[in-house]
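Small disclaimer: the values here were computed from a predicted structure and weren't measured. Sequence lines set the chain letters: A, B, ... in the order given, protein chains first and strands last, and positions in each chain run from 1.
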2 protein chains.
Amino acid sequence: MLRISKLTDYGTVILVHLTRQARLCPASDVAADTGIALPTVQKLLKTLGKSGLIESARGAEGGYRLSKAPHDISAADILDALEGPLAITECSGDDSSCEHESNCSAGGAWQQINTAIRKALLDVSLAEMRNPSNEFPLVYRVLGEAGVQQQNEASELITGISKDNP
Amino acid sequence: MLRISKLTDYGTVILVHLTRQARLCPASDVAADTGIALPTVQKLLKTLGKSGLIESARGAEGGYRLSKAPHDISAADILDALEGPLAITECSGDDSSCEHESNCSAGGAWQQINTAIRKALLDVSLAEMRNPSNEFPLVYRVLGEAGVQQQNEASELITGISKDNP
DNA sequence: GTATATTGGACTAAAATAGTCCTATATTAA
DNA sequence: TTAATATAGGACTATTTTAGTCCAATATAC
């Protein structure tokens with residue numbers, strides 16, 4: 001249902017990789033080590049750099065590294081960096097002129113949900129993502145029932161919420 | 001960052017509308033009352049019908065109504081119905097052959113987050129979404145920082161998490 | 001100076017989303 | 001039985017987003 005994009009998932013893999021590197025790590029190394037295509041890695045590293053999650057050095061011996069400790073980077077940070085601050089509502093902008101406004105009272109609840117989700121995202125750090133006990137394969141669509149089930153079967157690790165509403 | 005689709009938002013508006021209708025409500029009425037284009041309303045009502053959230057009657061005097069009490073319909077139900085069970089991971093499928101698997105250890109954390117989010121979604125019912133104290137305009141991208149800020153400014157209702165990571 | 005890297009942005013291709021429309025079927029009421 | 005009203009199902013197009021690639025410019029180390 002809700003989903004993270006493939007690039008965000010790749011980005012997470014890259015960040016996790018960087019938590020394991022002591023020194024500056026060029027994009028080519030990251031690509032080689034993660035198996036993600038170099039152009040894609042370059043693009044992601046640039047994006048992550050702009051958001052301040054990683055820092056870079058140009059030139060020979062240059063590369064990228066985390067700009068703060070893995071423990072201080074949350075899942076929310078990663079999503080903000082890679083999925084952009086594009087959470088703008090169509091009708092909450094400056095020149096808002098939503099023709100549904102008078103009939104609409106559903107938006108508020110999504111705010112409530114938003115807050116809860118944000119909390120969950122702030123609660124998970126990159127350090128936890130690195131945890132080797134999690135042996136899941138690359139996941140880029142995680143937030144749905146089918147995915148949970150499939151991965152339960154695959155890994156038998158999730159103590160997931162069984163979602164069957166009467 | 002994470003976002004719900006426009007159609008999901010519309011669908012929520014429609015469901016909220018139906019909570020206020022005692023009798024069968026034809027698509028044309030829903031469209032007229034919500035301001036959403038009729039073809040779109042028809043499409044959404046069909047989808048919601050298939051998922052079992054609403055029930056329908058054909059023919060003259062026919063229409064749609066909720067199939068259970070608003071209190072028994074959760075946000076998770078709505079998302080499952082409208083965004084589909086498309087939460088399938090690229091590399092957790094049957095013929096999984098993810099070339100990153102050996103290098104990837106980031107997937108597990110998303111599961112953790114998934115569980116937390118799912119909890120949040122199960123916790124909000126359609127009855128709460130209907131609450132008239134929520135006077136937000138139609139929202140179809142809610143789960144990001146910018147959106148929260150904008151809507152804070154607009155409504156001053158959210159006691160949101162101020163998200164500034166050091 | 002040369003090789004190594006990042007930076008920034010343009011660009012294309014692919015996929016998901018949004019929106020529309022048509023035909024078939026069921027129901028009610030006159 | 002006919003006419004009017006509605007949903008059911010699906011095909012279809014257009015738009016937008018996402019994914020992925022590439023190039024020229026700039027900075028650094030040796």
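- Here the C1' atom of nucleotide D:dT21 and the CG atom of A:L38 are 10 Å apart, to the nearest Å.
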### Task
Indicate for each nucleotide in nucleotides 25-30 of chain C, in 5' to 3' sequence, whether protein heavy atoms under 4.0 Å reach the base (B), only the sugar-phosphate (S), or nothing (-).
BBBS--

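- Within the 4.0 angstrom heavy-atom criterion, only backbone atoms of the sugar-phosphate kind lie near B:G63; the bases stay farther away.
- The base of D:dG10 is not paired with the side chain of B:K43 by any donor and acceptor separated by under 3.5 Å.
- Rounded to a whole Å, the OH atom of B:Y64 is 17 Å from the P atom of D:dT5.
- Linking Ile, Leu, Val, Met, Phe, Trp and Tyr residues whenever their side-chain heavy atoms come within less than 4.5 Å places B:L66 and B:L79 in a single cluster.
- Straight-line distance from the CG atom of A:L7 to the P atom of C:dA13: 18 Å, rounded to whole Å.
- At D:dT18, none of the side-chain N or O atoms of A:Y10 fall inside 4.0 Å of OP1 or OP2 (strictly under the cut-off).
- Evaluated for a side chain to side chain contact (heavy atoms under 4.5 Å, CB included) with A:L82, the options A:I4, A:L53, A:L44 yield exactly one hit, A:L44.
- Between B:L126 atom CG and B:T12 atom OG1 the span is 8.0 Å, to the nearest 0.5 Å.
- Here the straight-line distance linking atom NE2 of A:H17 with atom CG of A:D33 works out to 4.0 Å at 0.5 Å rounding.
- The closest side-chain heavy-atom distance from A:L121 to A:I78 is not below 4.5 Å.
- Side-chain contact between A:L24 and A:E61 is absent, with no heavy atoms from C-beta onward closer than 4.5 Å.
- Atom NZ of B:K50 is separated from atom P of D:dA8 by 9 Å (rounded to the nearest Å).
- With rounding to whole Å, B:I4 atom CD1 is found 17 Å from D:dT17 atom C1'.
- Summarising the geometry, atom CG belonging to B:L45 is positioned 9.0 Å from atom OG belonging to B:S56; distances are rounded to the nearest 0.5 Å.
- Between the P atom of C:dT6 and the CG atom of A:L18 lies a distance of 11 Å, rounded to the nearest Å.
- The CD1 atom of A:I54 sits 12 Å away from the C1' atom of C:dT7 (whole-angstrom rounding).
- Look at A:T40 and you'll find a side-chain N or O under 4.0 angstrom from OP1 or OP2 of D:dT21.
- For A:A37, the listed nucleotide lying nearest its side chain is D:dT21; candidates were D:dT21, C:dT6, D:dG10.
- OP1 or OP2 of D:dA19 lies within a sub-4.0 Å distance of a side-chain N or O belonging to A:S5.
- For C:dG19, one of the phosphate oxygens OP1 or OP2 lies less than 4.0 angstrom from a side-chain nitrogen or oxygen of B:K6.
- Between A:E55 atom CD and C:dT7 atom P the separation is 11 Å, expressed in whole Å.
- OP1 and OP2 of C:dA5 both lie 4.0 Å or more from every side-chain N or O belonging to A:S56.
- Both B:Q42 and A:P39 sit near DNA chain D, but only B:Q42 has its closest nucleotide nearer the 5' end.
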